[in-house]
Amino acid sequence: MRELLDDLDRWRNAGKRCVIGRVVGIDGSGPRDPGAAMAVNEDGEVVGSVSGGCVEGAVVAEALEMLREQSAAKVVTFGYSDDEAFAVGLTCGGTIHLFLQELS
Amino acid sequence: MNNVVYPELARRIRANEPTALVVVIDGPHTGATMLVSPDHPALGTLGDDELTRVAARDALGELEAGRTSTRNYGPRGQITPEDLADSPAVRVFIESFAPPPHMMIFGAVDFTSALARVAKVLGYRITVCDARTVFATRRRFPMADDIMVAWPDEAFTKHGASLGASDAVCILTHDPKFDVPAIQGALRSSVGYIGVMGSRKTHAKRLERLVEVGVSPVDLARVMSPIGLDIGARTPEETAISICAEIIARRTGRAAQSLSATTGAIH
């Protein structure tokens, strides 16, 4: 979060809406610990990261949809489980839980 | 996070004030956020007074330990398994923002500049300390947060009490009249890592001197010298990597082998 502050302030001052995504849980192996954060603004500008680059693209898409739909905050999960293969996974085979919320 | 919590969170993080950001990630008030610090009343609410009170108390504990975690409560902050059995759980994410770790580097030499740069990348707050005015200058160490022209005693009087497990003292002076008091000062603190530069020969002589001045064997075991991991480092930059790698390995308790030569969990 610390490394996002300057950009978040810049976006807020410019009146840009944005979503912050934070890692809140990891099952198995994961490249970043809980607390790792990224932010996406309404123009699609991105700062920070939540994995080794495996899920960032999907987070951007999810965040932009949240801004469009004015969706409530939620947890999204990326990774693999036994029964279902999600569209996006971590190369290390773990599962990552992210909390996405608009910074209002 | 809203217009009240975010600016205060940003302020506390920038001011290096310890603070915990607490957010409901699942439950009746998903997204409700509060900010908890030891010296302030909680800012914001989780939607229920009792839940807010209990989670704020737990967040202070997590912050104290520098931990980030997810906790489950009942909708009114219940924490016993019986209470949680019938009611839908509220999941609360507690993120601790602790002040950055502190690295004190003694000796204003070329290795100091490289070490300060690498440690800065790792998030350390850097203090460079040397008694010689001509060497301990802002121009030579623009990346340092603080430059002290001082003897070790003075530096430890200022910072010693605040050093803890995640902090580091690196002594690069190569000069016994500076090294010995710096090691003694570091040993009187609770700093997690003490490394001292020097060849094996220098180290052997230094050990004799430390024993002479009454440093105990238990204390000597805390001193990493020669400093750094054995990665064949030659340049100041490579040496800085070797020192920082040793600090990480000591903290995590790993043997610092190549992952390709080992098995088991990486993280």
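The shown structure was predicted, so the numbers you read here are calculated from the model rather than taken from an experiment. Here is the naming used below: chain letters follow the sequence lines, and residue numbers restart at 1 for every chain.
- For A/Glu102, the part lying under 4.5 angstrom from a heavy atom of chain B is the backbone only.
- Contacts between A/Val23 and chain B at a heavy-atom distance below 4.5 Å involve the backbone alone (N, CA, C, O).
- A/Asp9 approaches B/Tyr6 most closely through the heavy-atom pair OD1-OH, 2.9 Å.
- Within a 6.0 Å sphere centred on CG of A/Asn13, other residues, nucleotides and ligands contribute more than 12 heavy atoms.
- More than 12 heavy atoms of other residues, nucleotides or ligands lie within 6.0 Å of CG in B/Asn72, so this atom counts as buried by the packing criterion.
- Within 6.0 Å of CZ in B/Arg250 there are 12 or fewer heavy atoms belonging to other residues, nucleotides or ligands.
- The distance from the CD1 atom of B/Ile13 to the CE atom of A/Met1 is 6.5 Å, given to the nearest 0.5 Å.
- At a 4.5 Å heavy-atom cutoff, A/Leu4 makes no contact with chain B through either its backbone or its side chain.
- Summarising the geometry of A/Val75 relative to B/Ile25, their closest heavy-atom pair is CG2-O, 3.5 Å, with the distance given to 0.1 Å.
- For the pair B/Thr68/A/Asp33, no side-chain contact is recorded, criterion being any heavy-atom separation below 4.5 Å from C-beta on.
- Side-chain N or O atoms of A/Arg2 include none that pairs as donor or acceptor with a backbone N or O of B/Arg14 at under 3.5 Å.
- When all heavy atoms are compared, the tightest approach of B/Gly31 to A/Ala73 is CA-CB, 4.1 Å.
- The closest side-chain heavy-atom distance from B/Asn3 to A/Arg12 is below 4.5 Å.
- Side-chain contact between B/Thr33 and A/Gln101 is present, with at least one heavy-atom pair separated by less than 4.5 Å.
- Between the OG1 atom in B/Thr30 and the CZ atom in A/Phe99 there is a gap of 6.5 Å [rounded to 0.5 Å].
- Between chain A and the options B/Val5, B/Leu21, B/Leu9, B/Ile94, the largest number of non-hydrogen pairs under 4.5 Å is found for B/Leu21.
- Residues B/Val23 and A/Arg22 have side chains in contact (heavy-atom distance under 4.5 Å, counting atoms from C-beta outward).
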